[in-house]
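Below is one structure, written out as structure tokens; comments come after it.
Letters A, B, ... mirror the listed sequences (proteins, then strands); counts begin at 1. Just so we're clear, the structure is a prediction, and the values are computed from it rather than from any experiment.
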Amino acid sequence: MKAKKGIYRFAAIEEKWQKRWRKDNLYQAVDFGKRANKFYTLVEFPYPSGEGLHIGHTFTMTGADIYARKKRMEGKNILFPMGWDAFGLPTENYAVRTGTQPQIVTKKNTDNFRRQMKKMAFSFDWSREINTTDPAYYKWTQWIFIQLFKRGLAYKKAMSINWCPSCKIGLANEEVIKEKIKTKSGKAREIEKYVDVCERCGTPVERRQINQWIVKITKYADRLIDGLEKTDFIEKVKAAQINWIGRSQGAKVKFPIASHSEFISESILNQVQDDGKGVVQDDIEEIEVFTTRPDTLWGATFMVIAPEHPVVASLLSSKFKVQSSKLKKIENYVGRARRKSDLERADLAKEKTGVFTGLTAINPVNKKKIPIWVSDFVLASYGTGAIMAVPAHDERDYAFAKKYNLPIIPVIEPLRSWDFNQNAYTDMEKGKMINSGPLNGLRPNQAIKKAVEILEEKKIGKRAVSYHLRDWIFSRQHYWGEPIPMVYCEKCAEKGITWWDTKEGKKLQSSKALKLKSSKQQKRFENLNLENLDLIRNLKLEIRNSSSPAGELAGWFPVPEKDLPVELPRVEKYEPTDTGESPLANVSGWGEVRCPVCGGPARRETDTMPNWAGSDWYYLAYVLAHKLNSLKSKVQSPKSKNIFVINKNVLDYWLPVDIYIGGDEHNTLHLLYSRFIYQFLYDIGAVPKDYPEPYYKRISHGVILGADGQRMSKSRGNIINPDKKWEQWGVDALRMYLMFIGPFEGTMVWNENALKGVARFLDRFKNIVLWSAKFKESPPVTDKDFLVVLNKTIKKVGSDLDNFGFNTAIASLMKLVNYLYESNINPNNKLITNKKVPPAFILSKENLERLIKLIAPFAPYLAEELWCEVLGNKFSVHQQTWPTYNKYLLEEKMNTIVVQVNGRLRAKIDIERSIANDKDAVILRAKKNSKIKRYLVGKKIRKVFFVSGHLINFVVE
RNA sequence: GCCGCGGUGGCGGAACUGGUAGACGCGCCGGUCUCAAAAACCUGUGGUGGUAACCCCACCAUGUGGGUUCGAUUCCCACCCGCGGCACCA
């Protein structure tokens, strides 16, 4: 593609300066120095896809780059790094399709991305480039996982996951998309319905039970909320995180399981076991519920438990005496629920379904017997997996009660007349408690307090908090990810040997403790490899009953830290198997290892980590980047400390990240995960103690839509390729256009016409410098207003850049150029160009330099060319200091005072600055104004408002 | 339903803690240069109305309807629309 006409020859200068910048390593951050001077500017690192840099990347990074460049010119020690979040499905899919190793594809893609970023003149410190797929990098990703495990924050559990029957692969939640489908109901009416489908092939997903590693992020739920107070994140990001975590205050209440009562309607009565007792067996004697409204306890007329609730399992294993026909029904219902996708279960439009269990419970506050139902509208994963239903005051409970003819008892008296046969009354703040024994007459807010007091006093419940946030499913059955560094030993598992870092576990660290307390324990350790005694001490082993909560972890041990990283083996085939195992399970030899505890044969974990794992700590990796690589070759002794502790002083210097620029799509997942991991590292002393959060400030960047106003995508064909754009317009014009198109946080539509505008501007800017430079021997000529305009512009551009107001900063630069340009037009409207005639203005070298410095962050190539080649200055403009303004020069000689009459603008008058702040003088002058006279004549002035130096408003009758 | 953000000319967008609404750019109208076109450059450009016309003047305009205020795009109340996120969370 040919360059557009009328634009300076950018291609040549771009090439020239790029080479020079690379050679001089212009943008390296310096570890250490004055701490107040450091400034860590972080922009989210990309996934290096085969398509190359997306225009959205160039947009975000240009903003970040301009910001970093300006701060750097202000003398800050800027850390502005870049790297690659390179594990991921597209690369793996490409590998599956073509048989090319993902490592090779990644290399190719990152090379391309790097080339494009350098072309865009992003001032990254390339010496700190990192790549999450580099073994030297993921060694520490694995190390972090091991620390999580050692502190009891990782466990293994059978989880229901999404399974694509076509791709034969387990899908992460992010890999499942919602799709609207239309189905026909009985009356041939079309209903829209959402189903979960596989992101890649569109096949509806199924549910499968798979053993997964889970990370207990929920343990940090409170801190993830409360920690936000210390940060300077923009409001919407904080809100998104708080929302996602979803903390609710309430109470947990225990409902004993009993039998039927007078309370239950006729139809239900018939279904209930009639002996009325003896239904309770074994350990399950009560069902605990979580409620945010303990004040409505007296209105609980039935209970509903989730299909996954343990009581259901007990029922089905005939622990309770329930008719077998009923059991069958329950079994059917539960089976159906299990096969439903999350989305189907969550479909609000659908009618609620459920079955009666045949069991009753006792409402502990009023001793009434209430039936227990099973329904899939109750989620096993939230609260306790069981609810008390208060149909009078909850719409879901109400719908359920109506459908199954269950009693509805109001406990809050509505303020207006209300028909409980029609609707639930959910206006919970208003009204008075009724039918609620000791709570009667209270307002609901007081009643909540009182109810909790009663619960705690009678020991039937207590205050409790519940979260929407779920624990983090950490296993992926994919090839292209970090191997989870765990080993499973069947023999040890049989003996119930578990790694367990509890207080008891620590006792075992001493060799005395290893002499073991009982013969039972002695027996368990009998076959242990004594050579591993040290290791055992290190591992903090403990023997546990395999049916204890740690039972699922019996036999699972982390790979010894000295053996990290567990490298991803090179394989021929990347396809997953039908069994839902990772392709690593098929690599012969790789999975077979020695048990680090008993020395016997053991198996590696073959699942890999989710994408988020590598990006959890990448901002730390940049700080450590130089160390990361040097450790690669060294064999570490098992006693050596970890990289974080060794390099504490560098981390101390750079952390926290001063500003983190990223997309809203990461507000809940990446941002939350990485904050969690940071807080965890903080707890184990791996990162500095003075600030418990990784990022000080977070701002969101905007999105650029295609020219059609739609999200850019291959299928829509509206993708903008940055390579093509800079070939046409030049990098500087592209950069300025991207920043000029709209506010940095906004949603913008690609509009090629506007590119013309900034290209024109750059050309004019160049002309201004050329004209004056041509007459550098002559004394400078400017008018008296020029310095005012220049100083104003310096101030405006500076403050705009600090606030990411790139579009307005550019507007003010344009204004300045227009001002100079217009002054160079002679009376015949002829432009004085580089003829022999001097321009109206000849700017001094000093002022030309200030102009060029102002534009340097935006247009680094042109600025360098003008600085070095036109002005003949020393390389490089990007190492100059940011221009300052003289505040005394900002004020013009004359002030324009706005004169209003009754708040309406009637005139503007120019007044000397010396008296513009003098109310009486201004009034006098305004009254003299002929226009104003017209409005004041014959009127009585009641009041005069005066904004000093700016505005005057006469209020007349 | 809940949370967040937004609604300003033909278009993208400006407007500091309430104080000249429409900066800057695109587009468009007219002009300069040219054989012509492109490029470049200059002028004008929210709407309606008044005057033969210019200067000018008046009125109406920031999603809708109210309110507070000398004065509201900005603050308050109610609503409408759009975008993004979450969503049977007890």
Per the O4'-C1'-N9-C4 / O4'-C1'-N1-C2 angle with a 90° window around 0, B:G18 comes out anti

Does one side chain, of A:Thr62 or A:Tyr737, offer a donor that lies under 3.5 Å from an acceptor on the other? no

**Asked** Which part of the nucleic acid does A:Ile741 contact within heavy-atom distance under 4.0 Å: base, sugar-phosphate only, or nothing?
**Response** sugar-phosphate

Atom NZ of A:Lys766 and atom C1' of B:A40 are separated, to the nearest Å, by 11 Å

Problem set entry | Heavy-atom side-chain contact between A:Leu813 and A:Phe858 under 4.5 Å | yes

Problem - Whole-angstrom distance between B:A53 and B:U73, as gauged at atom C1' - result: 36 Å

Could you measure between the two P atoms, the one in B:C35 and the one in B:C54, and give it in whole Å? 34 Å

In terms of heavy-atom contacts, A:Leu755 and A:Ala733 come closest through CD2-O, 3.9 Å

A:Asn767 atom CG is separated from B:A39 atom C1', nearest whole Å, by 13 Å

Here the distance between atom C1' of B:A90 and atom OH of A:Tyr467, to the nearest Å, is 16 Å

TODO: Using the P atom on both, measure B:G12 against B:C75 and round to a whole Å.
DONE: 22 Å

- Message: Against the six-membered ring of A:Phe377, is A:Lys352 placed for a cation-pi contact (under 6.0 Å from the centre, within 45° of the normal)?
- Response: yes

Between A:Leu951 and A:Gly742, whichever has its closest RNA chain B nucleotide further toward 5' is A:Gly742

note: A:Leu762, atom CG; B:A40, atom C1'; distance rounded to Å ~ 16 Å

Hits for salt bridge (Lys or Arg N to Asp or Glu O under 4.0 Å) against A:Asp910, two or more places apart or cross-chain, chain-then-number order -> none

Between CD1 of A:Ile909 and P of B:U20 the distance, given in whole Å, is 15 Å

Task: Nearest-Å distance once atom P is located in both B:C57 and B:G66 - done: 30 Å

- Task: Might you confirm whether atom NZ of A:Lys919 has over 12 heavy atoms from other residues, nucleotides or ligands at distances under 6.0 Å?
- Result: yes

Review point. Does A:Lys887 reach the side chain of A:Asn791, with side-chain heavy atoms less than 4.5 Å apart?
Key: no

(Q) Once you apply a heavy-atom cut-off of 4.0 Å, does A:Ser466 come out as touching a base, just sugar-phosphate, or nothing? (A) nothing

Taken to the nearest whole Å, NZ/A:Lys796 to C1'/B:C16 is 9 Å

Do the rings of A:Tyr404 and A:Trp373 sit parallel, tilted or perpendicular, given the 30° and 60° boundaries? tilted

When the C1' atoms of B:U8 and B:G82 are considered, how many whole Å apart are they? 15 Å

Fill in: Distance-only polar pair, side chains of A:Glu44 and A:His666, donor-acceptor under 3.5 Å
yes

A:Arg470 versus A:Ser381, side-chain donor and acceptor atoms under 3.5 Å: yes

- Taking the C1' atom of each, how far is B:C56 from B:C42, in whole Å? 24 Å

List every contact pair, protein side and nucleotides 1-10 of chain B side both N or O, where the distance is under 3.5 Å.
unit_1	atom_1	unit_2	atom_2	d
B:C3	O2'	A:Asn243	ND2	3.1

*Considering only the P atoms, how many Å lie between B:U64 and B:C80, rounded to the nearest integer?*
15 Å

Worksheet entry | Side-chain heavy atoms of A:Arg463 within contact of A:Pro294, under 4.5 Å | no

Original post:
What does A:Val378 touch in the nucleic acid at a heavy-atom separation under 4.0 angstrom: a base, only the sugar-phosphate, or nothing?
Top reply: base

Heavy-atom nearest nucleotide on RNA chain B taken for A:Val749 and for A:Thr896; more 5' hit belongs to A:Val749

Give me the distances for all protein-to-nucleotides 22-26 of chain B N/O pairs that come in under 3.5 Å?
unit_1	atom_1	unit_2	atom_2	d
B:A23	O2'	A:Lys815	NZ	3.1
B:G25	OP1	A:Asn818	ND2	2.9
B:C26	OP1	A:Arg760	NH1	2.5

Query raised in the report: Within a strict 4.5 Å, meaning less than it, do heavy atoms of the A:Phe744 and A:Ile661 side chains meet?
Result: yes

note: A:Glu665, atom CD; B:C86, atom P; distance rounded to Å ~ 12 Å

- Query: Do the numbers put A:Arg247 on top of the ring of A:Tyr467, so that NZ or CZ is under 6.0 Å from the six-membered ring centre and no more than 45° off the axis?
  - Reply: no

ask   = What distance, rounded to whole Å, do you find between the two P atoms, one in B:A87 and one in B:C11?
value = 37 Å

- Taking the six-membered ring for Trp, is the centroid-to-centroid distance between A:Phe400 and A:Phe302 below 6.0 Å? yes

Quiz item: Is A:Ser248 near enough to B:A90 that one of its side-chain N or O atoms lies under 4.0 angstrom from OP1 or OP2?
Solution: yes

Stems with RNA chain B, 3 or more Watson-Crick or G-U pairs in a row (under 3.5 Å), are B:1-7 with B:80-86, B:10-12 with B:24-26, B:30-32 with B:40-42, B:46-50 with B:56-60, B:63-67 with B:75-79

Enumerate the protein-to-nucleotides 54-57 of chain B contacts in which both atoms are nitrogen or oxygen and the separation is below 3.5 Å.
unit_1	atom_1	unit_2	atom_2	d
B:C57	OP1	A:Lys931	NZ	3.0

Where do N or O atoms of nucleotides 66-75 of chain B meet protein N or O atoms at under 3.5 Å, pair by pair?
unit_1	atom_1	unit_2	atom_2	d
B:C70	O2	A:Asn953	ND2	2.2

*Please state whether the rings of A:Tyr673 and A:Trp612 are parallel, tilted or perpendicular, taking 30° and 60° as the class boundaries.*
tilted

### Task
Mind telling me whether A:Phe806 and A:Phe804 have parallel, tilted or perpendicular rings, with 30° and 60° as the class edges?
perpendicular

A:Tyr935 and A:Arg906: side chain donor to acceptor below 3.5 Å = yes

Test item: A:Ile412 and A:His393 side chains (from C-beta on) under 4.5 Å apart, heavy atoms:
yes

Rounded to whole Å, the CZ-P distance (A:Phe761 to B:A39) equals 20 Å

